[in-house]
Structures are given as C-alpha cells and as structure tokens.
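Here the structure comes first, spelled out in structure tokens, and everything after it is commentary.
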Amino acid sequence: MERKNAWKTYNVEEELHLQQTAKAYKNFLDAGKTERECVERLVAEAEAKGYKNLEALMESGEKIKTGDKVYAVCMKKALAMFQIGAEPMENGMNILGAHIDSPRLDLKQNPLYEDTDLAYLDTHYYGGVKKYQWVTLPLALHGVVVKKDGSVVPVVIGEEEEDPIVYITDLLIHLSSKQLEKTAKDVIEGESLDVLIGSRPLLETAKEEEKEAVKANILKLLKEKYDIEEEDFLSAEIEVVPAGKARDCGLDRSMIAVYGQDDRVCAYTSFLAMLEAGDVKRTACCLLVDKEEIGSVGATGMESRFFENTLAELLNCMGQYSELTLRRTLRNSDMLSSDVSAAFDPMYAEAFEKKNAAYFGRGIVFNKYTGARGKSGSNDANAEYIGKLRSIMDKNNVAFQTAELGKVDFGGGGTIAYIAALYGMNVIDSGVAVLSMHAPWEVTSKADIYEARKCYLAFLKEA
C-alpha cells in the first residue's frame, strides 16, 4: 500500500511551520551533541515554558495539581517531563519515549599518549558503528572533566570557526594494498581509532630534551585553558563527535544532514509536542533516556528505575501515591517509543523489502515490531492499539507509514519499546526515517520531522 508524499499536501502556512520546525531542530542539534548538553538545553527551554523541578517541589512540600508542568533529571543525562491532565493518574498517561544518546567515540580513562612526536587520545567506540566511517573527518571534543574537589569543567573543542579540530588518520592509498584485502568490519580496528591532537613539542630552556615533549605541550595547553591535569582524565567524560553544524541537504533544501539524528530527531519533536500540548485529558509525559545504543543499561538507561521512581514521587506530591496506583498508572498508559526507522535507500535496495519499507517524505513511521531473527528482542504492538492510532493520525491529517527494519534475514535492531511494555502498557515504535543511520552524518527529511511533531502532539492530546 503506497502512501502519499507529504510534500504534495502542504499549503503556505504549513510550509512555513515546517521550516520553523526544521530551523529549531537544527539549532538544538548544534547545541546538543552529548546527552548532558541535550538535557541542559531542554531543561532551560522547559523552565522558560513554566515547567518546575520535581525535586524542588518535593523539598518545598508544594502539592502538584491538574495543569501543572514538572520535570525530573537523572544524573544530568536523562529527562522526564509531565503535564498533569484532568483525568485521574491511574487511568494512565500518554507517554512519548525517546533516547538522546548516539553512536560516538569515548575517551578512555587513560587516553593521552605520544608516539614518534605525535600526541593522541585513545578511544573506545560507543554503540553500533562502522569504524571505517570515522577516519579522516573533522572531529570535535565534547564533555566534562570532574576534578577531585568536585568542580566540573565543561569541554567543547572544535565547534567554533576559530577552534582547532581533532582527527583520525587513515593509511594512504599508495600503501594500502593489504588493508584493502580486509573485510569492511576489520579494515579499521577499534584500537586504531585514536585521535590525533598535536605534533608540536614543548620548548623550554630546561626541557628542550624532555621525553614526550609533544604530550607535555598538550598538557600545558590543557592546564592553561581548562586548569586540568593528566590525572583528571580519570574522572572525565569526553565524547569524540563530528565537528560542524547541521546543514540543509539537497539543492532543494528538503533534508537535514548532521550528526546524532538517531534519536535526537524523535527526542526534540517529542519535546516540542509537550511544549505546545495545551490542556490535556490524560497526563502527558515525555521521557528522554540515555544508553539505548548499548542496550538501555545503567542508571540513566530505560532499564533503570528512574522513570518508575520519578512517577512514584510525582504521585506522592499529588497526594495519590500507593503501590497499586503506581502500577495502575503504568499499566493503563499508552506509549509511542519514538525511535528512528531505516529509510529505503535505492543505492542499497537489496537490503529492503519495498512493500514494507519506510520512505523519505511520507511521514512518521510506525514499526509494529523490530528485533531480529524472527522478531527476537522486539515489542510487537497489538492490532487494537494500532487501529486506535490510525484513527488519531487520520483525524489530525498526520502523514504516516508502516515499515520493518529491512529484509527478514538481513539483520535487525531494538528500541526501548520492549522495556516499557513490561509494565503492561500499549507501546509501538514510531519515528522518523533516516538515511545512513549510525553514520557520523545522518540524513532526514524535513517533511518527516514536521509530521513527527504533528503525530506526537495529536497523540498527547487524543490517545
């Protein structure tokens, strides 16, 4: 069943709103290349729209009531937002769940070294990456260094026009005959993804013959700019990401190319839907979590109790907490697991089954199931829930399509959907189609971004 291209349906007003959405989205991605940066940016925007910190409300004893807007943060890497609806909480919530971590390279705890007058930072890649895609790119460093006295030093190097970038080298074609015989997964080894950061030795009268003088010069620069020592890397979280701002893609400017769209494209459109939801019948919730790319583990991942504990505190501040109310609230909720889909790429058509693929410009994508090898590891949404969502989408003129993640035996993947489904709630994957998913630069359609925003808003108000 072929779906209509959404670009063919827009009037002048909708086109303007679409471009405004795309511009706001690009600004968000430029400011948020790590989980911490995303949370910091979104909290500032939420507070400007009247959201209050749940922890502060707990301390003050202020009671939360219908219409109130609150948020909670977990370790500066995950965010939960709630707008209290008119219906009792135990009737359930309408939840938008997405993740804000993306594939990248992380610095090891002892990263800095020198080899033959070149200084490097040693890395460990994070999430599913094609390692060969990360060489010979302009790269930036983003993160924090936490010193022994507890002070936090933010680090961003490589994003401003006057900033230096960092870089990962590759073997020149003239000497790569043996390298090119390797399979793609081995052509660049994980331990070869070390970041080149310097080549100039420290020249001081007393240290002209000092060993590792290039490393010494790097440490001197870090001390001058950030007041950090080499040992401070032990308690640092520095991510290596592609340098540069989001760009319009295509001569018609119909697409966006930038790092981190999996899954910040769904996270930001979910966030926008929360801000413009207005009065809601059922409590609206936006949950943005970390660690999805490595299995949703850890204190800031979906498998943690952060969401459940936050909801318990929220109910307590409303004077409604009991274990039974908490369980009923979770069980009776509906959720869109807002994660991206693989867009059909005619350059690699052999990987897709065309009747059940997602296409650029045809709107939000619903994946009834994901997983691999016979749906292993997936949530499989029930037909009644999908029928309900179809009705909401059609009523609100939202362009949508359905898809699977490529051909049956070609691979697969998972999302946070199956974890939320453990509570017994209705969950389905729904997100934006992406070309070159997990690459350093990914591509999305502005029309699909706009339709995602429309979908999430309609869901919050009517599910």
Side-chain angles (χ1 to χ4, degrees), residues 3 5-7 18 21-22 25-26 28-30 32-33 38 96-104 126-130 133-134 241-242 244 246-250 253-272 288 292-293 336-349 351-354 356-367 370 372 399-407 410-417 428-456:
R3 312 298 291 189
N5 191 305
W7 285 104
L18 179 152
T21 300
Y25 171 56
K26 289 192 295 182
F28 165 69
L29 288 177
D30 292 343
K33 289 194 173 183
C38 287
L96 299 172
H99 68 91
I100 51 176
D101 62 315
S102 294
R104 60 180 188 260
Y126 173 96
V129 301
K130 291 181 175 180
Q133 293 179 329
W134 286 79
V241 299
R247 301 289 297 273
D248 283 350
C249 182
R253 296 182 178 270
S254 62
M255 299 167 285
I256 293 174
V258 68
Y259 163 72
Q261 299 202 73
D262 176 9
D263 181 38
R264 291 167 190 150
V265 63
C266 296
Y268 190 64
T269 46
S270 296
F271 175 78
L272 290 179
L288 307 179
E292 191 275 345
E293 298 294 359
L336 296 184
S337 171
S338 305
D339 208 342
V340 297
S341 283
F344 178 80
D345 189 337
M347 298 297 101
Y348 305 96
F352 299 88
E353 197 271 286
K354 295 183 77 171
N356 290 285
Y359 295 88
F360 258 31
R362 299 187 190 179
I364 190 87
V365 186
F366 288 105
N367 293 90
T370 53
F400 74 93
Q401 53 186 319
T402 61
E404 296 185 18
L405 186 59
K407 287 184 176 178
F410 265 59
T415 67
I416 66 172
I428 189 171
D429 287 300
S430 57
V432 173
V434 177
L435 285 171
S436 302
M437 188 191 301
H438 280 215
W441 283 68
E442 302 165 311
V443 180
T444 55
S445 164
K446 290 182 180 179
D448 296 334
I449 296 167
Y450 179 55
E451 294 300 327
R453 179 179 184 172
K454 288 168 56 182
C455 165
Y456 298 150

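What's counted below: heavy atoms across the whole structure, side chains too, no hydrogens, waters or symmetry copies.
Between Tyr450 and Ser445 there is no side-chain heavy-atom pair separated by less than 4.5 Å. Taking the side chain as every heavy atom from C-beta outward, Pro440 and Trp134 approach each other to under 4.5 Å. Taking 4.5 Å as the limit, some side-chain heavy atom of Val340 sits within range of a side-chain heavy atom of Val265. When side chains are defined from C-beta on, Tyr456 does not count as touching Leu272, because their heavy atoms never get closer than 4.5 Å. The closest side-chain heavy-atom distance from Asp339 to Ile416 is not below 4.5 Å.
Here the CD-CG distance, from Gln401 to Asn5, works out to 9.5 Å after rounding to the nearest 0.5 Å. Rounding to the nearest 0.5 Å places CZ of Phe366 at 10.0 Å from OG1 of Thr402. One distance of note links CG of Leu336 with CG of Leu96; it measures 5.5 Å at 0.5 Å rounding.
Using modelled atom types and a 3.5 Å distance limit, the side chains of His438 and Glu293 yield a donor-acceptor pair. Using modelled atom types, one finds a donor on one side chain and an acceptor on the other under 3.5 Å when comparing Ser341 with Asn367. Side-chain contact check for Gln261 and Tyr25: at least one donor-acceptor pair (N or O, by modelled atom type) lies under 3.5 Å.
Within the 3.5 Å criterion, the main-chain N or O of Ala399 finds a donor-acceptor partner in the side chain of Glu451. Of the possible polar contacts, none joining the Asp248 side chain to the Ile256 backbone as a donor-acceptor pair under 3.5 Å is found. For the pair Asp448 (side chain) and Gly361 (backbone), a donor-acceptor distance under 3.5 Å is present. Under the 3.5 Å distance criterion, the side-chain polar atoms of Lys33 are matched with a main-chain donor or acceptor of Pro242. With hydrogens and angles ignored, the 3.5 Å screen pairs a side-chain donor or acceptor of Asp263 with a backbone N or O of His99. Using modelled atom types, no side-chain atom of Lys446 and backbone atom of Leu18 make a donor-acceptor pair closer than 3.5 Å.
Exactly one of Phe344, Tyr359, Phe410 qualifies for a ring-ring contact (aromatic ring centres under 6.0 Å, His included) with Phe352. That residue is Phe344.
For Cys38 against Ile100, the heavy-atom pair with the smallest separation is CB-CD1, 4.2 Å. Counting all heavy atoms, side chain and backbone alike, Val365 lies closest to Ala358 at CG2-CB, 3.7 Å. Residue Glu292 comes nearest to Asp101 through the heavy atom pair N-OD2, 3.0 Å, listed as atom of the first residue, atom of the second, then distance. Between Tyr126 and Ser102, the shortest heavy-atom distance links the atoms CD2-O, 3.5 Å. Shortest non-hydrogen contact noted between Thr269 and Ala452 is OG1-CB, 4.0 Å. Here the closest non-hydrogen pair linking Cys266 and Ser338 is CB-O, 3.1 Å.
Looking at residues two or more places apart in sequence or on another chain, you find no side-chain hydrogen bond (donor to acceptor under 3.5 Å, both in side chains) involving Ser270. Scanning for salt bridge (Lys or Arg N to Asp or Glu O under 4.0 Å) contacts around Arg104 gives Glu35, Asp106, Glu239, with sequence neighbours left out. Every residue two or more places apart in sequence or in another chain was checked for a salt bridge (Lys or Arg N to Asp or Glu O under 4.0 Å) with Glu442, and none qualifies. Applying the salt bridge (Lys or Arg N to Asp or Glu O under 4.0 Å) test to Arg247 and every residue at least two apart in sequence or in another chain returns nothing. Checked against ring pair (Phe, Tyr, Trp, His ring centres under 6.0 Å), Phe28 has the following partners two or more places apart in sequence or in another chain: Tyr268.
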task = Apply the test side chain to side chain contact (heavy atoms under 4.5 Å, CB included) to residues Arg264 and Leu29: give CA-CA distance (whole Å), side-chain angles for both, the deciding distance (0.1 Å), then the verdict.
result = CA-CA 8 Å; Arg264 291 167 190 150; Leu29 288 177; 3.7 Å; yes
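Sorted pairs that involve residues 428-439 and meet salt bridge (charged side-chain N to carboxylate O under 4.0 Å, His left out), not counting sequence neighbours, are lacking altogether.
For Arg3 and Phe400, the positive end sits near the middle of the six-membered ring, less than 6.0 Å away and at most 45° from its axis.
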